[in-house]
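Since the structure comes first, as structure tokens, the remarks are kept for the end.
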Amino acid sequence: MLELSILMMERVGIVVLLGFILVSIPQMRRWLFNPTMAGKFWLIVLFSFVAVIANMTAVVIGPHNEIESSIVMMNLPHGDSLANARVLAISSAGIVGGPFVGGMVGLIAGLHRMMQGGPSGWFYVISSLIIGLASGGMYRSRNHEEQGGDPFAILTTHQAFIVGLVMETLQMVFVLLFSERGWELVSFIAFPMIVINTLGTMVFISVISMYLKQENQTRALQTQTVLNLASSTLPYFRQGLNYDSVQKVAQIILDNTNFAAISLTTTKSILAHVGAGSDHHVATHQMVTNLSREAITTNQVHIAQSKEEIGCSNPNCPLRAAIVVPLNVDQKIVGTLKMYYTESWRLTPVEIELAKGLADLFSSQIALGEAEHQANLVRDAEIKSLQAQVNPHFFFNAINTIAAMIRINSEQARELLIKLSQYFRSNLVGARATTITLDQELAQVEAYLSLEQARFPGKYQVKFDVTANRSLLLPPFAIQILVENAIRYAFKDRRQDNQVTVTAHADQQWLSIAVADNGDGIDPNTLEIYGDQEVESQHGSGTAVYNLNQRLVGLYNDQSRLQIQSSSDGTIVKMKIPVQMGG
């Protein structure tokens, strides 16, 4: 009996070791707490494999209870019996996967045991099936979290010990009742098999429980990391996806994770790269890895496990593993989050899931920042419009012009007062509306021009070429800002031949507007960023044009962005607005 106990410990050790190896595989651990049919299917496959191995590595018991050596038992001679760890595998399958998994594993293992010894072993099929179903009844559901269940909970080691003891005893009862050798065999194998297999079940479940708890702790730590990063990065992402904010975000991610390098990009260039490889992965430069381009093109997560898969053109790049996750805002790719390791083995499924979660979080934060930015632009436009209503300088000049005109031409003075009233009324309308009709906008421009031309008779010649339906909608001040900008800054001190042309044409899709002048042009050093940033100069800050450009992009899309062409012969500013008819 001592020899059999030692041999049984070896067999149980093989099964437990096999289980330890299987449960160390990340995909296996996912199946352990995945309640879907696919997860249960793979649990059946894996535990059936363990049970079959237990059958094949069993200790052979001869007709007179002598122990016969065998490395792998395929076919059992008549009169011989087996002492194995099959029940251990079946019980563990039921505890982990529930009655369905336990029953299927028991059925497969029992059929295999019968195939080894012939039809006389029919009762092993029934006993194994019952053991699988019974141990599955001990299964603690891990997918009813709404009822307070723990998604990682399985039986405790003490409970597993009891289940193993009961199931192995049940197996001995079947052997006693239906085996040809009955009591003679049971009296020899019962104690070693019950004790060793019960302890093996307890150890097997302890190993699985340890990994599940470790997975739980890892996810909890990952959740805490994500929450900390969300709190730390939100103030910067609310500023938008720009160089200054993203630099700080990348450093925060690097400081709070174990990645070797962090990179954030737009769809074309690197905004930030901190950590390993920062000597050639330089911010403001074009992307240097093929992996990033593929992620942006396909809008899918891309994973690289080697330097070659990363595709960096620098031969001395230390990066060996990477995950690239696209950042999406309103179903549009705005950039990527890239996380790197200098050793490929460090990129595990945990880090991959962390990267995906962070990308989703950052996409939401960027979208929130964009929404707040657009709200700020609207508020800023309203404030600037309200300020224009009471602009002392403009009001002072207009009143002085009208006062002087009263002495010369009272009728014209009356008309100018009407235009001034119309101008301020239009400002009030524009301050409250997101869009107005083309007709309202042109009336606003004409009112403004009437006052300006009264102050400087003959200085400006403004022509209108409007063929578009005047009921089409556009943002308030869209034309007036460009006309005012041309009059105030295009001609400097030139007193004649100052021409401004306003055109508005439409097709079925776009309302196309252009404001052109024959002025001195925009400084080439500022032309590239004009309209995209506020430009400080002695003539003005460009705030109105910048605000208009941002409103166009925010209300519509990049296709509506201001298109500016300028030379020493003049400037033309174009915009395209989707056709929308006003009431």
Side-chain angles (χ1 to χ4, degrees), residues 225-297 299-304 307 309-314 316-330 332-342 346-347 351-352 354-370 372-373 528-529 532-533 558:
T225 299
V226 170
L227 290 174
N228 291 337
L229 286 171
S231 175
S232 302
T233 57
L234 180 57
Y236 299 107
F237 273 125
R238 289 172 71 174
Q239 300 173 20
L241 202 63
N242 58 68
Y243 174 81
D244 292 331
S245 63
V246 168
Q247 285 287 327
K248 295 171 183 175
V249 168
Q251 190 62 53
I252 290 172
I253 300 172
L254 186 69
D255 293 340
N256 287 274
T257 61
N258 62 355
F259 288 97
I262 302 294
S263 183
L264 284 151
T265 76
T266 65
T267 56
K268 296 180 180 179
S269 62
I270 302 170
L271 282 176
H273 184 100
V274 295
S278 56
D279 57 327
H280 58 281
H281 292 263
V282 180
T284 71
H285 286 197
Q286 288 188 344
M287 287 182 289
V288 295
T289 64
N290 297 328
L291 196 67
S292 302
R293 299 187 185 95
E294 292 173 3
I296 292 170
T297 302
N299 194 19
Q300 293 180 347
V301 177
H302 276 62
I303 299 169
K307 178 180 178 180
E309 290 181 7
I310 293 175
C312 180
S313 57
N314 190 305
N316 299 318
C317 183
L319 305 175
R320 294 295 182 272
I323 175 169
V324 182
V325 189
L327 299 174
N328 288 273
V329 175
D330 295 331
K332 176 184 176 183
I333 301 176
V334 297
T336 64
L337 168 65
K338 302 193 290 185
M339 297 178 163
Y340 295 98
Y341 278 120
T342 53
R346 294 177 66 89
L347 185 58
E351 280 71 32
I352 292 173
L354 173 61
K356 292 179 181 178
L358 288 177
D360 290 339
L361 171 68
F362 295 157
S363 295
S364 299
Q365 290 184 340
I366 294 170
L368 176 62
E370 287 291 334
E372 290 187 356
H373 183 56
E528 186 174 347
I529 59 174
D532 291 326
Q533 298 181 22
D558 279 340

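These numbers were taken from a predicted model, which means no experiment stands behind them.
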Practice prompt. Apply the test side-chain contact (heavy atoms from CB on, under 4.5 Å) to residues Leu319 and Lys338: give CA-CA distance (whole Å), side-chain angles for both, the deciding distance (0.1 Å), then the verdict.
Written response: CA-CA 12 Å; Leu319 305 175; Lys338 302 193 290 185; over 6 Å; no
Practice prompt. Could you go through the side-chain contact (heavy atoms from CB on, under 4.5 Å) check for Val324 and Thr265 one step at a time?
Written response: CA-CA 10 Å; Val324 182; Thr265 76; over 6 Å; no
Fill in: Evaluation steps, side-chain contact (heavy atoms from CB on, under 4.5 Å), between Ile253 and Phe259
CA-CA 9 Å; Ile253 300 172; Phe259 288 97; 5.5 Å; no
Discussion item. If you apply the rule side-chain contact (heavy atoms from CB on, under 4.5 Å), what do you find for Asp279 with Asn316, and how did you get there?
Written reply: CA-CA 10 Å; Asp279 57 327; Asn316 299 318; over 6 Å; no
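Within the 3.5 Å criterion, the main-chain N or O of Leu271 finds a donor-acceptor partner in the side chain of Gln247. In this structure, Ser363 contributes its side chain and Ala359 its backbone to a donor-acceptor pair below 3.5 Å. A donor-acceptor pair is defined here as one N or O able to donate and one able to accept, closer than 3.5 Å; such a pair exists between the side chain of Ser263 and the backbone of Ala272.
Between Ala261 and Ala276, the shortest heavy-atom distance links the atoms CB-O, 3.3 Å. The two residues Thr342 and Arg320 have their closest heavy-atom pair at O-CG, 3.2 Å. Across Leu291 and Ala322, no two heavy atoms sit closer than the pair CD2-CB, 4.0 Å.
Atom-to-atom distance recorded for Leu327:CG and Phe362:CZ is 8.5 Å, nearest 0.5 angstrom. To the nearest 0.5 angstrom, Leu264 atom CG is 8.0 Å from Met339 atom CE. Remark: Ile296 CD1 to Glu294 CD distance equals 11.0 Å, nearest 0.5 Å. One distance of note links OG1 of Thr297 with CD1 of Ile333; it measures 8.0 Å at 0.5 Å rounding. Atom NE2 of His280 and atom SG of Cys317 lie 3.5 Å apart (nearest 0.5 Å). Once rounded to the nearest 0.5 Å, the distance linking CG of Leu254 with NE2 of His273 reads 9.0 Å.
Using a 4.5 Å heavy-atom cutoff, the side chains of Val325 and Leu358 are not in contact. Contact of the Thr336 side chain with the His302 side chain is not registered, since no non-hydrogen atoms from C-beta on lie closer than 4.5 Å. Using a 4.5 Å heavy-atom threshold, the side chains of Ile352 and Leu347 count as touching.
Here Asn299 pairs with Asn328 under the side-chain hydrogen bond (donor to acceptor under 3.5 Å, both in side chains) rule; sequence neighbours left out.
Using cut-offs of 30° and 60° for the angle between ring planes, the Tyr340 and His281 rings count as tilted.
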